[in-house]
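Reviewing the structure listed below.
Just follow the structure's listing: the first ligand is 1, and inside any ligand the first atom is 1.
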Amino acid sequence: MGPILLLGAPGVGKGTQAKALMAAWGIPQISTGDILREVKNHTTVPSALAERLLSAGKLPVEDMQKMQQGKLVSDDLVNEMVAARLASPDTRHGYVLDGYPRTLAQANWLDERLSATPGSLDVVAISIQVEYTKLLRRITGRRSCPTCGRIYNVYLHPPKHDMLCDDDRTPLEQRADDVESVFEQRIKTYEAQTAPVVEHYRGQGRFAEVDGELPVDEVTLSIKSAVARLRK
Ligand code: AP5
């Protein structure tokens, strides 16, 4: 399957779709945001990578503050996280990168790494599009399960029972940066630093845009058919 990149503004559904693709294709989701939150909050049992970053004191206070403010953490830190994650054998047949790369420097780092890796397939980049006005509701309504990672939305698709995960009954949580004031900064950061990354991959050719306003299952189908077409 090779590397699949999911690109798009905060709330377009990158995490939701990465989980669906992971289930469909049996390849891992690599979410730099999830790894950073694991290290920052360490409320759940951290993964081996989060454990290493934690014990090495790898998340400086200024990076934690940047996450809280809706700004990006340093390229060096996330590139190191991705390098460590890509060294795991479960990425050999492919992986879905969710929320990375987010700057041109990260995209160039990834391009160089992949071109230096024998046998690695070219990246397929999928840009998920959702109108700006719909994103605020998605972000402020989002809740997720700290046990299984399932993502809900209190307005659009709430859990069956009062704020408990349908699968394991764990109380759902809201992310600290999912408030309106931080959302506005996240959008500004996206437009200034990540929109150029979308153009970078558009220029490379193995690129598709999908309508992220459709129901979740239909978005998944659009991504799967775009990947099949671009991998031919
Ligand atoms: P990160 O965690 O990556 O956040 P983000 O990019 O802002 O994206 P989100 O996770 O908010 O949204 P999503 O697109 O995954 O949407 P979701 O599927 O959850 O990053 C957080 C922070 O970490 C950054 O601000 C930065 O500080 C730092 N960081 C991370 N990566 C970095 C990097 N590479 N470099 C530097 N810093 C980095 O869906 C949202 C909601 O919509 C949910 O409620 C969901 O249920 C709902 N929904 C999804 N799809 C649909 C649909 N089709 N219809 C209706 N509702 C839907």
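- Of the heavy atoms in Ile139, only side-chain atoms (C-beta onward) come closer than 4.0 Å to ligand 1.
- Looking at Arg143 next to ligand 1, no N or O pair under 3.5 Å apart turns up.
- Of the heavy atoms in Leu36, only side-chain atoms (C-beta onward) come closer than 4.0 Å to ligand 1.
- Distances from atom 55 (C) of ligand 1 to the heavy atoms of Gln65, Glu213, Glu218, Arg138 put Arg138 nearest.
- Taking a 6.0 Å sphere around CZ of Arg113, one finds it holds more than 12 heavy atoms contributed by other residues, nucleotides or ligands.
- Distance from atom 8 (O) of ligand 1 to its nearest protein heavy atom, with residue and atom name: Lys14 NZ, 3.2 Å.
- Smallest separation of non-hydrogen atoms from Ile187 and Ala9: CD1-CB, 4.3 Å.
- Residue Leu156 touches ligand 1 through its side chain alone, judged by heavy-atom distances below 4.0 Å.
- Checking only distances, Asn153 does come within under 3.5 Å of ligand 1, N or O to N or O.
- Under 4.0 Å from ligand 1, the heavy atoms of Tyr152 that appear belong solely to its backbone.
- The shortest N or O to N or O distance between Gly13 and ligand 1 is under 3.5 Å.
- Considering backbone and side-chain N/O atoms, Asp98 never comes within less than 3.5 Å of an N/O atom of ligand 1.
- Of the heavy atoms in Gln17, none comes closer than 4.0 Å to ligand 1.
- Remark: Asp75 pairs with Thr103, Gln106 by the side chain to side chain donor-acceptor pair (under 3.5 Å) rule, at least two apart or across chains.
- Checked against a 3.5 angstrom limit, the closest N/O atoms of Arg175 and ligand 1 fall inside it.
- Judged purely by atom type and a 3.5 angstrom limit, Arg102 uses its side chain to pair as donor or acceptor with the backbone of Gly99.
- In terms of protein heavy-atom proximity, atom 5 (P) of ligand 1 is nearest to Arg102 NH2, 3.3 Å.
- Counting heavy atoms closer than 4.0 Å to ligand 1, residue Thr16 contributes atoms from both its backbone and its side chain.
- Ligand 1 does not have Asp178 within reach: every non-hydrogen atom of the residue lies 4.0 Å or more from it.
- For the pair Val219 and ligand 1, the shortest N or O to N or O distance does not fall below 3.5 Å.
- For Thr32, a nitrogen or oxygen atom sits less than 3.5 Å from a nitrogen or oxygen atom of ligand 1, counting backbone and side chain alike.
- The nearest heavy-atom contact from the protein to atom 37 (N) of ligand 1 is Val73 N, 3.2 Å.
- Defined by atom type and a distance below 3.5 Å, a donor-acceptor pair is missing between the side-chain atoms of Gln29 and Ser31.
- If you check the side chains of Asp168 and Thr170, you find a donor sitting under 3.5 Å from an acceptor.
- Inspection of the Asp111 and Gln204 side chains reveals an N or O donor paired with an N or O acceptor under 3.5 Å.
- Checked against a 3.5 angstrom limit, the closest N/O atoms of Arg186 and ligand 1 fall inside it.
- Checking Arg137, Gln106, Arg142 against atom 34 (N) of ligand 1, the nearest heavy atom belongs to Gln106.
- Polar contact check, Pro101 against ligand 1: no nitrogen or oxygen pair lies under 3.5 Å apart.
- When the heavy atoms of Ala9, Ala18, Gly11 are ranked by distance to atom 12 (O) of ligand 1, first place goes to Gly11.
- Taking any N or O of Gly141, backbone or side chain, none lies under 3.5 Å from an N or O belonging to ligand 1.
- With sequence neighbours left out, the side chain to side chain donor-acceptor pair (under 3.5 Å) criterion links Thr189 to Gln185.
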